[in-house]
Number of protein chains: 2
Amino acid sequence: MTTITSNLFAEFVGEIVAPDPKWLNQARSHLDNLTKPLGSLGRLEDIAARFIAIRDGEIDKPLKKAAYVFAADHGIVAEGVSAYPKEVTRQMVLNFLQQGAAINVLARLHDAELTIVDVGVDADFGDLAGLLQRKVRSGTRNMLHEPAMTEEEMLQALHVGLQLAIGAHEKGQTLIAVGEMGIGNTTSASAITAVLTRQAPAAVTGKGAGLEKSAQEHKIRVVDAILLKHFGENPYASAAPPLEVLRRVGGLEIAAMVGLVLGAARYRIPLVTDGFISAAAAALAYALEPRVREYLFAGHRSEEPGHRVLLEYLGLDPILTLDMRLGEGTGAVLAMPIIESALRLYSDMATFASAGVSGASE
Amino acid sequence: MTTITSNLFAEFVGEIVAPDPKWLNQARSHLDNLTKPLGSLGRLEDIAARFIAIRDGEIDKPLKKAAYVFAADHGIVAEGVSAYPKEVTRQMVLNFLQQGAAINVLARLHDAELTIVDVGVDADFGDLAGLLQRKVRSGTRNMLHEPAMTEEEMLQALHVGLQLAIGAHEKGQTLIAVGEMGIGNTTSASAITAVLTRQAPAAVTGKGAGLEKSAQEHKIRVVDAILLKHFGENPYASAAPPLEVLRRVGGLEIAAMVGLVLGAARYRIPLVTDGFISAAAAALAYALEPRVREYLFAGHRSEEPGHRVLLEYLGLDPILTLDMRLGEGTGAVLAMPIIESALRLYSDMATFASAGVSGASE
């Protein structure tokens with residue numbers, strides 16, 4: 001596979017433009033004429049209007065939905081930051097391919113084409129049907145002692161995501177969900193969140209897949225040490241550029257998700273974020289190019305404390321708040337029927353005039 | 001149509017039994033063995049377990065979904081409590097039959113069989129295809145001056161709902177949504193909520209379909225006067241039985257929904273409530289027979305302040321909170337894909353043992 005340079009990457013990011021606000025206004029006028037009290041569809045109206053604006057006024061019907069799940073391992077698991085052994089990353093990839101995981105069930109039910117991408121699992125999958133093999137490296141380095149990735153590795157992982165966005169565009173996909181699997185990756189997400197949003201690790205480091213209280217406290221100390229190592233005594237004053245944050249304390253699947261988020265914005269494909277880790281990737285993409293935000297929908301908000309902080313940073317309201325904390329893109333795909341509902345209401349409801357329904361008094 | 005007596009009605013209610021807790025425990029064990037961190041599907045796990053328990057351990061796949069929308073007019077609209085003219089009830093029924101309303105779009109998208117029931121619209125629809133004609137009376141009386149219904153009218157409207165539950169059972173429907181259309185019916189819902197939950201009208205009376213501030217204040221005064229008229233100086237100490245509350249300050253569509261909620265519980269069919277008005281009906285059914293609660297899912301929580309109060313009274317967490325306030329069953333049907341997702345995850349995910357995935361450490 002080809003790698004890209006920082007320059008080519010910057011050029012790509014430069015091609016991201018904001019949706020034209022005229023479509024947003026036009027969509028809102030249309031919504032106001034539908035047979036319902038003004039604004040009574042609540043956030044569904046915002047979802048529909050934003051989607052229509054992203055698609056330049058075009059209504060995609062039916063949606064062509066897809067979900068991309070990026071898997072990778074993390075050197076930091078050596079520090080005992082996860083409730084599950086590292087092997088689970090590999091095992092869950094196999095479970096995805098055997099259709100047994102939560103994301104398989106949801107993607108099937110909600111008609112989203114599912115792509116599983118190995119961007120850095122520490123295992124040799126051989127020639128495994130159904131797996132997109134884009135391994136950059138067999139897991140990141142231990143970021144407690146050294147940067148998680150080299151610049152070349154990071155760019156290569158970003159490129160994996162960008163290429164998939166190009167593919168999504170070519171396939172005509174109109175709504176994509178992003179998810180991940182990587183034992184240890186909430187530690188990366190916490191470190192990224194702390195630096196980007198200038199919060200203390202204790203405020204943005206949670207239980208991950210299920211740590212006990214004492215193990216969570218250990219994880220917080222590890223994140224503290226990681227920040228000290230890479231950003232010095234006062235990491236919140238550090239002006240490390242987003243890609244340097246990604247390189248030092250990120251993950252290969254996180255880099256690939258950053259690439260997909262940027263690529264989706266470049267090709268004007270609405271993208272639904274999932275949990276804490278995908279939101280960290282979206283936040284990095286947003287830090288690189290704020291226009292990215294206009295293309296994002298937050299599928300849900302998980303129980304991880306850092307997820308709430310990231311959604312506030314991104315200025316996104318989650319569609320669902322069901323206390324999920326699974327990852328894999330599950331919360332993103334679960335939000336798809338809500339987004340699709342918003343669009344169908346937009347396109348299929350009668351107007352007051354067409355239905356002969358009276359408006360409000362005055 | 002036949003009417004029923006209070007005795008027959010009481011007999012029917014007496015046949016409601018609580019789900020056997022053994023199914024709930026069995027469902028929770030199964031969920032704990034699926035390939036995901038313990039509890040990581042959050043509220044989806046509660047939804048699945050409760051549903052399985054209602055269905056006696058049986059997994060309905062696929063679900064047979066249905067939505068029932070009850071329409072009726074309200075004498076209280078003469079007091080200027082609604083932003084929309086009374087004619088809109090009739091017009092919206094016609095819109096439902098022409099497939100142009102929000103509920104039509106959502107029922108179609110989410111594969112719920114939609115039944116529109118005229119239980120009390122003040123209009124002669126003649127022989128209109130697609131409308132279930134069960135009119136008890138052309139709207140309720142003005143409850144500011146007299147009880148909204150006679151006992152016979154109320155029982156007749158309750159019976160409409162009960163009969164539909166029997167029909168749902170006979171058709172093998174496994175998930176039903178309930179909704180309504182009736183200009184003026186948030187005033188009834190506010191009065192019911194105030195009496196049942198012992199809250200002041202100001203705390204449970206909202207904007208309805210879109211009142212301005214001053215009109216909302218007028219509506220609060222009307223609800224105050226209604227309570228004084230029917231329940232005396234201290235309505236919160238009044239021990240009026242639930243059916244008397246329904247008869248005096250309810251609506252025909254609310255009575256029919258009470259009947260459907262009771263009937264669904266009797267036939268062990270999970271029922272999804274919609275907005276404020278359907279929740280008021282569910283709360284009356286719950287006040288009559290607390291076991292009803294076990295069969296209910298709250299589809300969403302609307303912007304109406306009384307809706308939150310009712311859901312707390314019922315002890316139900318809303319599945320969605322999208323600031324919707326439309327009624328028609330829209331929030332209930334929109335929650336159906338979430339409920340269906342929970343069930344599919346329950347039935348289709350691999351277990352740790354079958355997938356060869358390691359569990360958490362320790």
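Worth saying up front: this structure is predicted, and the values here are computed from it rather than measured. Proteins come first, then strands; the chains are lettered A, B, ... in the order of their sequence lines, and each starts at number 1.
- Of all the listed residues (A/S347, A/S341, A/G39), the one sharing the greatest number of non-hydrogen pairs under 4.5 Å with chain B is A/S341.
- With contacts defined as side-chain heavy-atom distances shorter than 4.5 Å, the pair A/R108/B/D348 qualifies.
- Across B/G42, B/G100, B/P337, B/S302, the residue that shares the most heavy-atom pairs under 4.5 angstrom with chain A is B/G100.
- Per-residue heavy-atom pair counts under 4.5 Å with chain A were compared for B/T351, B/T35, B/I319, B/D317, and the maximum is reached by B/T35.
- Chain A forms the most heavy-atom pairs under 4.5 Å with one residue out of B/G208, B/S40, B/P37, and that residue is B/S40.
- Taking A/E328, A/H110, A/E303 one by one and counting their heavy-atom pairs under 4.5 Å with chain B, the maximum is reached by A/H110.
- Expressed to the nearest 0.5 Å, how far CE of A/M349 lies from CG of B/L106 amounts to 8.5 Å.
- Highest contact tally toward chain B, considering only A/R90, A/E87, A/R325, is held by A/R325 [criterion: heavy-atom pairs under 4.5 Å].
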A/M92 and B/V357: CA distance, side-chain angles, deciding distance, side chain to side chain contact (heavy atoms under 4.5 Å, CB included) verdict: CA-CA 7 Å; A/M92 283 303 296; B/V357 174; 4.0 Å; yes
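- At most 12 heavy atoms of other shown residues, nucleotides or ligands fall within 6.0 angstrom of atom CZ in A/R308.
- Here the side chain of B/Q91 pairs no donor or acceptor atom with the backbone of A/A355 at under 3.5 angstrom.
- Side chains of B/S354 and A/Q98 form no contact here, defined as non-hydrogen atoms less than 4.5 Å apart.
- When heavy atoms are compared at a cutoff of 4.5 Å, A/L320 approaches chain B solely by way of its side chain, counted from C-beta outward.
- Atoms CZ and CG, from B/R344 and A/L109 in turn, are 5.0 Å apart once rounded to the nearest 0.5 Å.
- If you measure heavy-atom distances from A/T330 to chain B, you find no contacts under 4.5 Å at all.
- The candidate with the highest count of non-hydrogen atom pairs below 4.5 Å against chain A, out of B/P62, B/A215, B/A102, is B/A102.
- We find the NZ-CG distance between B/K36 and A/N95 to be 12.5 Å, quoted to the nearest 0.5 Å.
- Residue contact with chain B, scored on non-hydrogen atoms closer than 4.5 Å, involves the side chain of A/V88 exclusively.
- Across A/V105 and B/L345, no two heavy atoms sit closer than the pair CG1-N, 3.6 Å.
- Taking both residues in full, the closest heavy atoms of A/M324 and B/L41 are given as CG-O, 3.5 Å, listed atom of the first, atom of the second, then distance.
- Taking all atoms of both residues into account, the shortest heavy-atom contact from B/R43 to A/T321 is NH1-O, 4.2 Å.
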query: Taking it one step at a time, do A/L334 and B/L44 satisfy side chain to side chain contact (heavy atoms under 4.5 Å, CB included)?
result: CA-CA 11 Å; A/L334 195 62; B/L44 296 179; 3.8 Å; yes
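- Both the backbone and the side chain of A/E340 come within less than 4.5 Å of a heavy atom of chain B.
- For the atom pair NZ of A/K86 and OG of B/S358, the computed distance is 12.5 Å after rounding to the nearest 0.5 Å.
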